[in-house]
Amino acid sequence: MADLTAPTANWVDPHVMMMDPYDTYEKLRAESPVTWVPAVNKYLITGYPECHSVELDQTVFSARVSGSGATMIRALGENPMLRKDDPEHAVERQAINPTLRPRSVTQVWAPIFDRNADRFLAALSDAGPDKADLNRDFAAPLASQNLIDMLGLPGVDTTTMSRWSHALIAGTGNLLDDARIWDAADTARTEIDELLADLIPHYAQHPDHSITSALVASGLPHRTAAANVKLTIAGGMNEPQHMVTNMVWALDNHPDQRRHVQTDPSSWTAVFDETARWLSPIGMYPRETTCETVLGGIALPAGAPLGVVVAAANRDPRHVADHPELFDIHRPKLPHLAFGSGVHLCAGHWAAKSSIGQIAVPKLFDAFPTLRVDHSRETQWNGWVFRGLTTLPITWDD
Ligand code: HEM
C-alpha cells in the first residue's frame, strides 16, 4: 500500500524565506506537493493542482481557520468574508461585487486611478533622479489613495491609511501576541470604527459607488460592514503597491521585454499577469480541513492547518511547463493563482489590473522613458506570506 504520510521538512527556515522564499518552495515542491513544516506549524501546499483543488472544495478546506482566525477577529472586530465559507461568505461578497466589476472599474474608478497616478508622478518628479524611491514616493501613496477613494473614506490621508493597513495586517498575523503589535492594531481599529460611526449613517442616506456605501446598502449589520471595510484596508493596499514595484523591477531586469512593452503598449496586460505569477504579492494564505482527507497523495487529519502557497504553485512545472522560474511575458497565456481562485477569488482583481497594469505603470514609463533601478543605492525585499520590495531606488535621465 502506498505511504500517504506527509514528509516533514525540518530544514525550512522562515528567516531565509523572509529574504527569498523561492529556493525553499522549489525544494519543498520537488519533495512533495504537501509537506508538514514544523517551523510554520502548517502543511504547506506548494503544487498547483493541489492549491487549486483546495480552493474548489470549501466543505473540506474551510476558510474558517483557528489560529489566524482568532487574531483576525481581534484585529478587525469580527470575522470578515475572507474567514467565512458559503453561504455566509456569499452574502457579504455579493454586497461588494457590483462596485468592483469591470464595468464599474472602467466607468467609475479608472478616471480616479488616472488622476491619482498623475498626482504621484508629480511627487516622484519632485523627489528627483538622485533621491527617488519608487515605493515611498509613488507605489505606496498611490495604492493608499486609490483605496481611500474606492472605500469612500473622505478626509483620510495616505499616511494614515498606510498606518492603518500595516497595523491591521500585523494584528491579523499576531499569533505570538506581541503587545506592541496589538497596541497599534487596536488604535487603528478604534480610529476606523470612529470614522465609520459617522460614515455608515451618511451612506445610508447618501449612497454612492464606494465599497463602504455598497456594504451599508446591502443591509448587513454595521459591525459586519465595518469588519469588511477593515479587511479591505488591510488587504487592498500592500498588494497593489508591491505590484507596481515588482513590475518595474522585473522589467528593469529584463531589458528586451522592457523594450518590447515600451514599443507595444498592448503587452502591458501580459506584463501585469506574468509579474503576478512570477512574484506573487500574496505568497501564502491559510485554510483548515474539516475532516480527514487525501490531497496530492498525502493523508491529512481533520483540523489540519494548511498554508496554500500560491507563490510556489505559480512556478510549478506541472502547470507552467517551460522554465517556470523565468519571467517571460511572451509565454502562452495560462491561469495563475496570484489572486486566489474559487469563491474567495480576489474581489479587487479587476481594480488592481486597471489601476496598476493599465494605468500606473504604463504612465510611469511614459513619463520617465529612461527610468531604471539605481544600483548605487540599496534595494530591499521583504516577506514571504506577503512579499514585495520595501525600497526600490530609481533614477532617470533629466
Ligand atoms: C495586486 C493586487 C492584489 C492581490 C495580489 C490580491 C490577492 C488576493 C488574494 C490571493 C485573495 C484570496 C485570499 C484567500 O483566499 O484567503 C484576495 C482576496 C480579497 N481581496 Fe485582493 N488582492 C489584490 C488587490 C485587492 C484590492 C485592490 C482590493 C480592494 C479594492 C482587494 C480586496 C480583496 C477582498 C475583499 C478579498 C476577499 C474576497 C473574499 O473573501 O471573497 N484586493 N486578494
Side-chain angles (χ1 to χ4, degrees), residues 51-52 54-56 58 61-65 68-69 72 76 79-86 88-97 99-101 104-105 108-109 112-113 139 142-153 161 165 169 172 209-212 214-215 225 227-247 272-273 275-288 306-311 313-314 336-358 360-361 385-388:
C51 284
H52 195 42
V54 166
E55 286 309 331
L56 297 183
Q58 318 166 65
F61 303 103
S62 173
R64 281 191 172 279
V65 297
S68 70
M72 192 173 269
L76 307 187
N79 250 343
M81 67 179 89
L82 191 64
R83 289 285 167 269
K84 292 178 181 168
D85 299 321
D86 285 348
E88 231 187 325
H89 156 269
V91 175
E92 296 169 36
R93 176 64 189 251
Q94 277 157 14
I96 65 166
N97 274 345
T99 190
L100 290 170
R101 284 218 177 90
S104 188
V105 168
V108 179
W109 302 120
I112 295 173
F113 297 152
L142 174 66
S144 187
Q145 187 61 53
N146 284 344
L147 197 60
I148 290 168
D149 292 329
M150 278 191 282
L151 278 165
L153 305 179
M161 188 66 162
S165 185
I169 291 173
T172 300
H209 291 287
S210 67
I211 296 173
T212 306
L215 285 163
N228 283 301
V229 170
K230 284 172 270 183
L231 166 72
T232 313
I233 292 176
M237 214 200 92
N238 247 349
E239 297 76 27
Q241 170 186 342
H242 287 156
M243 274 303 292
V244 172
T245 46
N246 290 359
M247 280 172 80
F272 181 86
D273 281 328
T275 307
R277 179 196 74 80
W278 191 55
L279 297 171
S280 308
I282 294 189
M284 186 273 282
Y285 48 82
R287 291 291 185 269
E288 194 169 297
L306 309 177
V308 184
V309 192
V310 287
N314 283 336
H336 61 72
L337 298 177
F339 291 98
S341 64
V343 301
H344 292 282
L345 173 73
C346 174
H349 75 285
W350 286 299
K353 187 168 266 196
S354 162
S355 60
I356 307 306
Q358 292 164 356
V361 181
V385 176
F386 302 104
R387 180 163 179 79

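Computed over heavy atoms, backbone and side chain alike; hydrogens, waters and symmetry mates excluded. First listed ligand is number 1; within each ligand, the first listed atom is number 1.
- With respect to atom 13 (C) of ligand 1, the closest heavy atom belonging to the protein is Leu82 CD1, 3.7 Å.
- At a heavy-atom cutoff of 4.0 Å, ligand 1 is contacted by no atom of His242, backbone or side chain.
- Pairing each heavy atom of Ser354 with each of Phe113, the nearest pair is OG-CD1, 3.6 Å.
- Results of the side-chain hydrogen bond (donor to acceptor under 3.5 Å, both in side chains) test with Arg64 over Glu88, Gln58, His89 single out Glu88 as the only residue that passes.
- On a distance-only criterion, Thr232 and ligand 1 share no N/O pair closer than 3.5 Å.
- The side-chain heavy atoms of Pro286 and Arg83, taken from C-beta on, include a pair separated by under 4.5 Å.
- In summary, the atoms of ligand 1 found under 4.0 Å from a heavy atom of Arg93, numbered by their order in the structure, are 38 (C), 39 (C), 41 (O).
- Counting atoms of ligand 1 from 1 in the listed order, those under 4.0 Å from a heavy atom of Gly340 are 10 (C).
- Minimum interatomic distance between Asn146 and Ser355 (heavy atoms only, all atoms of both residues): ND2-CB, 3.7 Å.
- Atom 21 (Fe) of ligand 1 has Cys346 among its coordinating residues (N/O/S atom, backbone or side chain, under 2.8 Å).
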Going through the checks in order, is the side-chain contact (heavy atoms from CB on, under 4.5 Å) test met by Thr99 and Trp109?
-> CA-CA 9 Å; Thr99 190; Trp109 302 120; 3.7 Å; yes
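- Of all heavy-atom pairs spanning Val343 and Arg93, the tightest one is O-NH1, 3.5 Å.
- At least one side-chain heavy atom of Met150 sits less than 4.5 Å from a side-chain heavy atom of Leu100.
- For ligand 1 and Gly236, the ligand atoms under 4.0 Å from any heavy atom of the residue are 26 (C), 27 (C), 28 (C).
- Of all the heavy atoms of Met243, the ones lying under 4.0 Å from any atom of ligand 1 belong exclusively to the side chain.
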Test Ile233 against Leu153 for side-chain contact (heavy atoms from CB on, under 4.5 Å), laying out the working first.
-> CA-CA 11 Å; Ile233 292 176; Leu153 305 179; 4.1 Å; yes
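- Scanning all protein heavy atoms for the shortest distance to atom 2 (C) of ligand 1 gives Glu239 CB, 3.5 Å.
- Looking at heavy atoms from C-beta onward, Met81 lies in side-chain contact with Ile96 at the 4.5 angstrom threshold.
- Between the side chains of Ser62 and Asp85, at least one donor-acceptor pair of N or O atoms lies under 3.5 Å.
- No part of His349 comes within 4.0 Å of ligand 1, judged by heavy-atom distances.
- The protein non-hydrogen atom at the shortest distance from atom 30 (C) of ligand 1 is Met150 CE, 3.8 Å.
- For ligand 1, the polar-atom distance check against Arg83 finds no nitrogen or oxygen pair separated by under 3.5 Å.
- Not a single N or O atom of Glu55, backbone or side chain, sits closer than 3.5 Å to an N or O atom of ligand 1.
- Contacts with ligand 1 closer than 4.0 Å are made by heavy atoms of both the backbone and the side chain of Phe339.
- Nearest protein neighbour of atom 36 (C) of ligand 1, counting heavy atoms only, is Ala347 N, 4.0 Å.
- Nearest non-hydrogen protein atom to atom 28 (C) of ligand 1 is Gly348 CA, 3.6 Å.
- Scanning the protein for heavy atoms near atom 41 (O) of ligand 1, the closest one is His89 NE2, 2.6 Å.
- Every atom of ligand 1 is numbered from 1 in the order shown, and the set under 4.0 Å from a heavy atom of Val343 is 41 (O).
- Residue Ala338 holds the heavy atom nearest to atom 10 (C) of ligand 1 of all those in Ser354, Ala352, Ala338.
- Using bins of under 30°, 30° to 60° and over 60° for the plane-to-plane angle, the ring pair Phe339/Phe272 lands in the parallel bin.
- For the pair Arg287 and ligand 1, the shortest N or O to N or O distance falls below 3.5 Å.
- Residue contacts with ligand 1 for His344 involve both N, CA, C or O and side-chain atoms from C-beta outward (heavy atoms, distance under 4.0 Å).
- The shortest side-chain heavy-atom distance between Arg101 and Asn97 falls under the 4.5 Å cut-off.
- Using a 4.5 Å heavy-atom cutoff, the side chains of Met72 and Pro80 are in contact.
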